[in-house]
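To start, the structure itself, in structure tokens.
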Amino acid sequence: MSAPIIRSLSELRSMVSGWKKSGETVGVVPTMGALHQGHLSLVRAAKEGCDRVIVTIFINPKQFNNPEDYEKYPRTEEDDAQKLSPFDVDAVYVPDGPTMYPEGFATNVSVGGLTDVLCGAHRPGHFDGVATVVSKLFMQTQADRAYFGEKDFQQLQVVTRLAADLDIPIEVIGCPTIREEDGLAMSSRNLLLSDRARVWAPELNAAMEEMADALLSGGDIADTRAKAIARIERAGFTEVEYLDLRACDTLEELNAPTRPARLLAAAWLAGVRLIDNIAVG
Ligand code: AMP
């Protein structure tokens, strides 16, 4: 059965308050649409963990530091609704711009520290946009649990921090990255890759896996990074924005995987910015 598409906040609120009165738990899966198996894995986890599930679809202008990137972001609402239909979710919340940011909207949520590095350093304002919209979605849906992908590892840490700092009574749950068979992390942005670029794209993950193995065998961070960057660039990527080994919890930079660590990367391929991250050890 097709999930009901809810566009107004008042309708969402009355739906949720009915569920809450009956003592049902509510899970939310925030997305920007162009749904793929990565998103659907979050929906599956939410269905398993909660009585009621809301999927949100909102392409949040505030988190795009580049207007052209916002313009060309894939918009596939009908397809998305179809992909969700087997999951029997309770609501697909698709607010429009003025519902999220009515005239006079003036509040900005900014998480310090964690957002100074990696994507935060390369995309000014991005995480303020994410933190602001996620705070609103948490308040609007009143969800007990929220499901986010490890694919956006820094975002997962930022959202976890903001819920704790603002005493929002929601449990943030991280779910593993879903990949294509060739290792490429699924992403809505993969739709923007040309056929040729799609063939090269998995080299990012392959180079990261090779670097992680080398680090675990005691390899030097500078040497292993240089080798990985060379491999990524040979595959046709034009710029590696970062390729860092970082602590899982604080995201501070590490020279060796001496504590729970993650390798995180962002790189440009044929005009498309791809990100990926993997556990090291
Ligand atoms: P987005 O629509 O790109 O904003 O992503 C919505 C949610 O889906 C975020 O929590 C992402 O981390 C998650 N997500 C995106 N791609 C994947 C993936 N390949 N595997 C798991 N989760 C993902």
Side-chain angles (χ1 to χ4, degrees), residues 27-49 53-66 69-70 72-77 79-81 83-84 87 89 92-95 100 114 118-120 123 126-138 141 143 145-163 170-193 198 201-202 204-205 208 248 251 262 264-266 272-279:
V28 65
V29 180
T31 82
M32 296 204 298
L35 301 182
H36 50 65
Q37 289 300 325
H39 298 112
L40 299 179
S41 73
L42 306 184
V43 176
R44 212 168 279 124
K47 286 287 294 182
E48 277 166 20
V53 173
I54 305 168
V55 176
T56 73
I57 300 180
F58 179 62
I59 304 177
N60 174 33
K62 283 195 191 295
Q63 73 187 72
F64 286 82
N65 52 308
N66 175 346
D69 190 23
Y70 174 68
K72 68 179 193 192
Y73 200 84
R75 287 159 170 83
T76 59
E77 190 183 309
D79 253 33
D80 292 345
K83 285 184 185 153
L84 286 171
F87 289 88
V89 300
V92 184
Y93 177 50
V94 192
M100 293 305 276
L114 286 173
L118 304 170
C119 286
R123 301 184 66 190
H126 168 68
F127 282 117
D128 282 13
V130 170
T132 303
V133 81
V134 166
S135 303
K136 285 183 67 85
L137 291 170
F138 284 0
T141 60
R145 301 197 181 93
Y147 296 80
F148 288 86
E150 287 180 350
K151 154 78 177 17
D152 300 277
F153 193 79
Q154 188 176 14
Q155 170 174 281
L156 174 60
Q157 306 311 313
V158 168
V159 167
T160 303
R161 183 81 253 162
L162 99 79
I170 195 164
E171 185 186 355
V172 175
I173 296 170
C175 301
T177 302
I178 306 297
R179 299 180 178 279
E180 304 285 358
E181 269 178 20
D182 57 15
L184 177 67
M186 289 191 185
S187 165
S188 308
R189 287 174 199 275
N190 295 351
L191 292 175
L192 304 174
L193 293 170
R198 175 63 190 82
L204 176 62
N205 179 250
M208 291 171 74
C248 285
L251 298 183
R262 209 99 194 163
L264 302 104
V272 181
R273 184 175 183 275
L274 298 180
I275 60 171
D276 200 351
N277 71 88
I278 56 172

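Residue numbers count from 1 along this sequence. Both ligands and their constituent atoms are indexed starting at 1 by order of listing.
- Every residue two or more places apart in sequence or in another chain that forms a side chain to side chain contact (heavy atoms under 4.5 Å, CB included) with Gln157 is listed here: Leu114, Phe153, Leu251.
- Partner Gln63 forms a side-chain contact (heavy atoms from CB on, under 4.5 Å) with one of Val133, Val134, Thr132 and no other, that one being Val133.
- Scanning both residues, Ile59 and Pro74, for their nearest heavy atoms gives CD1-O, 3.8 Å.
- Residue His36 holds its NE2 atom at 5.5 Å from OG of Ser187, rounded to the nearest 0.5 Å.
- Taking CD1 of Ile54 as the start and OG1 of Thr141 as the end, the distance is 5.0 Å to the nearest 0.5 Å.
- Here CZ of Arg179 is found 4.0 Å from CG of Asp276. Values are rounded to the nearest 0.5 Å.
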Protein N/O near ligand 1 N/O, under 3.5 Å, which pairs?
from     : atom 1 : to     : atom 2 : distance (Å)
ligand 1 : 2 (O)  : Met32  : N      : 2.9
ligand 1 : 2 (O)  : His39  : NE2    : 2.9
ligand 1 : 5 (O)  : His39  : NE2    : 3.4
ligand 1 : 10 (O) : Gly149 : N      : 2.9
ligand 1 : 12 (O) : Gly149 : N      : 3.2
ligand 1 : 12 (O) : Gly149 : O      : 3.2
ligand 1 : 12 (O) : Asp152 : OD2    : 2.6
ligand 1 : 16 (N) : Met186 : O      : 3.4
ligand 1 : 19 (N) : Ile178 : O      : 2.9
ligand 1 : 19 (N) : Met186 : O      : 2.8
ligand 1 : 20 (N) : Ile178 : N      : 2.9

